[in-house]
Amino acid sequence: MCGEARCSLFPACSVSVIDALDMEAMTNTVKGWQENPVKFARSHGVSLSPEASEKGIHILIVEGFLIYNYKPLLDVYDKCFYISIPYEECKKRRSTRTYTVPDPPGLFDGHVWPMYLKHRKEMESKSNRIEYLDGMTSKEDMYNRVFESVQNSLLNNS
């Protein structure tokens, strides 16, 4: 198992640790969007739906497996969702992916899964606002659960 920013067993695995990411820049980007979502969207070439412009409802989705491990970023989220799957399913899905540089033998068991467990434990200790989704259910079921939760939040805040 490795936990360093650079791993001697798997040199390419540095992306699995938070030190490999510029979390401060990501936080500033999210805050920039929060300050003026319309201006932010236009400056990034994103078109807005007429409904969003009329109602002033703007939703930003921040995705990634380390997005709840950096407290300043965690503090700017209104809603938090985390999709989890069991070890066997995760290993199976990972093995079906095609990477430009293929995973070396033993990467999943020696690095990917141990880092997942480490970061998940850290994440769970930093927030009790995360809504967990069962990644074994259908995409439609997960979408409906997230949609309902976001819709309820919007209704409660209006």
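Heads up: numbering here begins at 1 and tracks the sequence.
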Notebook entry, point to check: Does a side-chain heavy-atom distance below 4.5 Å link Val112 with Cys90?
Noted result: no
Checklist line | Spacing of OH belonging to Tyr116 relative to OG belonging to Ser84, to within rounding of 0.5 Å | finding: 5.0 Å
Checklist line | By side chain to side chain contact (heavy atoms under 4.5 Å, CB included) - contacts of Ser149 (at least two apart) | finding: Lys79, Phe81, Glu131
Next item on the list: Could you tell me which residues satisfy side-chain hydrogen bond (donor to acceptor under 3.5 Å, both in side chains) with Asn128, sequence neighbours excluded, listed by chain and number?
Entry: none
Notebook entry, point to check: Is the shortest heavy-atom distance from the side chain of Arg42 to the side chain of Val38 under 4.5 Å?
Noted result: yes
Margin query: Listing request: all side-chain hydrogen bond (donor to acceptor under 3.5 Å, both in side chains) pairs with a residue in residues 26-38, at least two apart in sequence or in separate chains.
Written below: none
Next item on the list: Ignoring hydrogens and angles, tell me if any N or O in the side chain of His44 forms a donor-acceptor pair with the backbone of Phe40 under 3.5 Å.
Entry: yes
Check: Would Leu107 and Ile85 show up in the same hydrophobic cluster when neighbours are defined by side-chain heavy atoms closer than 4.5 Å?
Finding: no
Note to self: Are Arg129 and Tyr68 packed together at the side-chain level, in the sense that at least one heavy-atom pair is separated by less than 4.5 angstrom?
What the structure shows: no
Note to self: Apply the hydrophobic cluster definition, ILVMFWY joined by side-chain contacts under 4.5 Å directly or through others, and give me every member besides Phe147.
What the structure shows: Tyr143
Notebook entry, point to check: About how many Å separate NZ of Lys39 and OG of Ser43, when rounded to the nearest 0.5 Å?
Noted result: 7.5 Å
Next item on the list: Quick one: list whatever passes side-chain hydrogen bond (donor to acceptor under 3.5 Å, both in side chains) with Tyr82, sequence neighbours left out.
Entry: none
Note to self: Taking ring-ring contact (aromatic ring centres under 6.0 Å, His included) as the definition, give me every residue that meets it alongside Tyr87, ordered by chain and number, with sequence neighbours left out.
What the structure shows: Phe108, Trp113
Check: If you link I, L, V, M, F, W and Y whenever their side-chain heavy atoms are under 4.5 Å apart, who else ends up in the same group as Tyr99?
Finding: none
Which side-chain N or O atoms in residues 133-140 pair as donor and acceptor under 3.5 Å with protein atoms at least two apart or in another chain?
{"residue": "Asp134", "atom": "OD1", "partner": "Met136", "partner atom": "N", "Å": "2.8"}
{"residue": "Thr137", "atom": "OG1", "partner": "Asp134", "partner atom": "O", "Å": "2.7"}
{"residue": "Ser138", "atom": "OG", "partner": "Asp141", "partner atom": "N", "Å": "3.0"}
{"residue": "Ser138", "atom": "OG", "partner": "Asp141", "partner atom": "OD2", "Å": "3.3"}

Checklist line | Residues that Arg145 engages under salt bridge (charged side-chain N to carboxylate O under 4.0 Å, His left out), provided they are two or more places apart | finding: none
Next item on the list: Please list all pairs passing the salt bridge (Lys or Arg N to Asp or Glu O under 4.0 Å) test where one or both residues lie in residues 57-67, with sequence neighbours left out.
Entry: none
Check: Do you know which of Lys126, Lys118, Arg120 makes side chain to side chain donor-acceptor pair (under 3.5 Å) with Glu122?
Finding: Lys118
Next item on the list: Just jot down the side chain to side chain contact (heavy atoms under 4.5 Å, CB included) partners of Lys92, sequence neighbours excluded, or say none.
Entry: Glu89
Checklist line | Name of the residue among Asn152, Val150, Asn156, Asn157 meeting side-chain contact (heavy atoms from CB on, under 4.5 Å) with Leu154 | finding: Val150
Next item on the list: May I ask you to test the Met26-Val62 pair for a side-chain heavy-atom distance under 4.5 Å?
Entry: yes
Item checked: Tyr70 with Leu60, same ILVMFWY side-chain cluster at under 4.5 Å -> yes
Check: Is a salt bridge present between Asp103 and Arg97, judged by a nitrogen-to-oxygen distance below 4.0 Å?
Finding: no
Next item on the list: Side-chain contact test, heavy atoms from C-beta onward, threshold under 4.5 Å: evaluate it for Leu66 versus Met123 and give yes or no.
Entry: no
